[in-house]
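Take a look at the structure set out below.
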Amino acid sequence: MSYFPMFIELKGRRCLVAGGGNIALHKIKVLMDFGASVTVVSPDILPEIKQMELLAYREKRFHPNDLNHQQLVVAATDDGEENHRIAQACKERNLPVNAVDQIEDCSFIFPSYIKKGEVVAAFSSGGQSPLVTQYLKAQMQPLLTDFLAKLAERLGDMRESVHKQCKEEVRKMVYQEILSLGLEKGSVPSDEEIRQVIEKFTLCNPQT
């Protein structure tokens, strides 16, 4: 079964990770990379997890009450039956849940991804083959650079100006020209260069 690739905002959202070992640590790092507010529940928790900033933990076995006020859950214990029990409790509450290595218990999966600034490329094989997603990630890695992230940020910053000054039918062309300019130069276009591009299209297509 293929999964719908939906990007969601996790910044500040409460996410519970049940489990305190190395697999849980990996999932915690991913969630925190996207700004989630993570709580860990497990009888045994790695010192590295306890030392992570902006993370809460409870050294106890999972209880369904731990789901209160949570918005997303990862079942990452080393016990498959426990992960299944956690997943079932989540589904009863309509909470998104990922049970590690138990695809039948998952309502969402973690993709392999590359993140540079606000630009994210994600890859999934529907849980069939991590090797395929790792291959795709390796192929994309050289293309998704810090420079491209800065260029995307610049294009985002100018949206309000473009929408005010340019007709709807030419806005895409403005963005395309500025993107091409940046890629050709290998640097983020200056304010003056952006102004010249916008002016070019407003002169050719004056607002009425």
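Throughout, residue positions are numbered sequentially from 1 according to the sequence presented.
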Exercise for the section: Tell me, yes or no, whether the heavy-atom count around R159 atom CZ, taken from other residues, nucleotides or ligands under 6.0 Å, exceeds 12. Expected result: no
Exercise for the section: Answer whether the closest heavy-atom distance between the side chains of Y113 and V30 falls below 4.5 Å. Expected result: yes
Handout entry: Carboxylate-amine/guanidinium contact K150 E153, below 4.0 Å
Key = no
Problem - Heavy-atom pair with the smallest gap, counting every atom of G127 and I109 - result: N-CD1, 4.1 Å
Completion exercise
All heavy atoms of C106 vs all of N98, minimum pair found to be SG-ND2, 3.7 Å
Practice task
Find the distance between CZ (F110) and OG1 (T133) and round it off to the nearest 0.5 Å.
Solution key: 14.0 Å
Practice task
Determine yes or no for a side-chain-to-main-chain donor-acceptor pair under 3.5 angstrom, with S190 supplying the side chain and E193 the backbone.
Solution key: yes
Exercise for the section: Report whether L25 and F34 are members of the same hydrophobic cluster (ILVMFWY, side-chain heavy atoms less than 4.5 Å apart, transitive linking). Expected result: yes
Exercise for the section: Inspect the surroundings of CG in D101 and state if more than 12 heavy atoms from other residues, nucleotides or ligands are less than 6.0 Å away. Expected result: no
Exercise for the section: Verify the cluster assignment for Y175 and F201: are they in a single hydrophobic cluster under the rule of side-chain heavy atoms below 4.5 Å apart? Expected result: yes
Fill in the blank from the handout: Applying ring pair (Phe, Tyr, Trp, His ring centres under 6.0 Å) to Y135 and not counting sequence neighbours gives none
Practice task
Verify the neighbour count for atom CD of E59: are there more than 12 heavy atoms of other residues, nucleotides or ligands below 6.0 Å?
Solution key: yes
Practice task
Answer yes if M6 and F108 sit in the same cluster of Ile, Leu, Val, Met, Phe, Trp and Tyr residues linked by side chain heavy atoms under 4.5 Å apart, and no otherwise.
Solution key: yes
Problem - Other residues, nucleotides, ligands: >12 heavy atoms within 6.0 Å of E104 CD - result: yes
Handout entry: Heavy-atom check, side chain of M173 versus side chain of K200, under 4.5 Å
Key = no
Fill in the blank from the handout: One should read off an interatomic distance between I8 CD1 and Q71 CD, to the nearest 0.5 angstrom, of 9.0 Å
Fill in the blank from the handout: To the nearest 0.5 Å, atom CG of D44 lies from atom CD1 of I49 at 10.5 Å
Problem - Partner of V38 by side chain to side chain contact (heavy atoms under 4.5 Å, CB included), out of M52, K27, M32 - result: M32
Exercise for the section: Using a 4.5 Å cut-off on heavy atoms from C-beta on, say whether the side chain of L72 contacts that of R13. Expected result: no
Problem - G12 versus S37, closest heavy-atom pair with distance - result: O-CB, 4.0 Å
Practice task
List the steps and the verdict of side-chain contact (heavy atoms from CB on, under 4.5 Å) for N68 and H63.
Solution key: CA-CA 10 Å; N68 294 344; H63 187 278; over 6 Å; no
Practice task
Compare all side-chain heavy atoms of Q165 with those of S161 and state whether any distance is below 4.5 angstrom.
Solution key: yes
Problem - Hphob cluster co-occupancy, L181 + V174, side-chain heavy atoms under 4.5 angstrom - result: no
Handout entry: Side chain to side chain, C166 and I198, heavy atoms closer than 4.5 Å
Key = yes
Problem - same_hphob_cluster(I194, L155) at 4.5 Å side-chain heavy-atom cutoff - result: yes
Practice task
Find the distance between NE2 (H84) and CD (E81) and round it off to the nearest 0.5 Å.
Solution key: 9.0 Å
Handout entry: Closest non-hydrogen atom pair between M158 and I178, with its separation
Key = CE-CD1, 2.9 Å
Practice task
Show your working on side-chain contact (heavy atoms from CB on, under 4.5 Å) between H26 and N22 and close with a plain yes or no.
Solution key: CA-CA 6 Å; H26 172 69; N22 286 315; over 6 Å; no
Handout entry: Greater than 12 external heavy atoms within 6.0 Å of E160's CD
Key = no
Practice task
May I ask you to test the Q88-D105 pair for a side-chain heavy-atom distance under 4.5 Å?
Solution key: yes
Practice task
Report yes if the side chains of L183 and L151 come closer than 4.5 Å at any heavy-atom pair, otherwise no.
Solution key: yes
Practice task
Linking directly or through intermediates, with side-chain heavy atoms under 4.5 Å: list the remaining ILVMFWY members grouped with F62, chain and number order.
Solution key: L16, V41, L67, V73, I86, L95, V97
Exercise for the section: Spell out, as yes or no, whether a donor-acceptor pair under 3.5 Å connects the side chain of Q102 to the backbone of G80. Expected result: yes
Fill in the blank from the handout: When rounded to the nearest 0.5 Å, the distance separating CG of L143 from NZ of K116 is 12.0 Å
Problem - Smallest separation among heavy atoms of C15 and A36, with atom names - result: SG-CB, 3.7 Å
Completion exercise
Taken to the nearest 0.5 Å, the spacing of D79 CG from R85 CZ works out to 9.0 Å
Exercise for the section: Take atom CZ of R14 as the centre, draw a 6.0 Å sphere, and report whether it contains more than 12 heavy atoms from other residues, nucleotides or ligands. Expected result: no
Exercise for the section: Would you check if the side chain of Q128 reaches a backbone N or O of S125 as a donor-acceptor pair within less than 3.5 Å? Expected result: no
Exercise for the section: Search all heavy atoms of R93 against all heavy atoms of P64 and return the closest pair with its distance. Expected result: NH2-O, 3.1 Å
Practice task
For atom CG of D66, decide whether the heavy atoms of other residues, nucleotides or ligands shown that lie under 6.0 angstrom number more than 12.
Solution key: yes
Problem - Over 12 foreign heavy atoms within 6.0 Å of NZ, K172 - result: no
Handout entry: Side-chain touch F123/V132, heavy atoms, less than 4.5 angstrom
Key = no
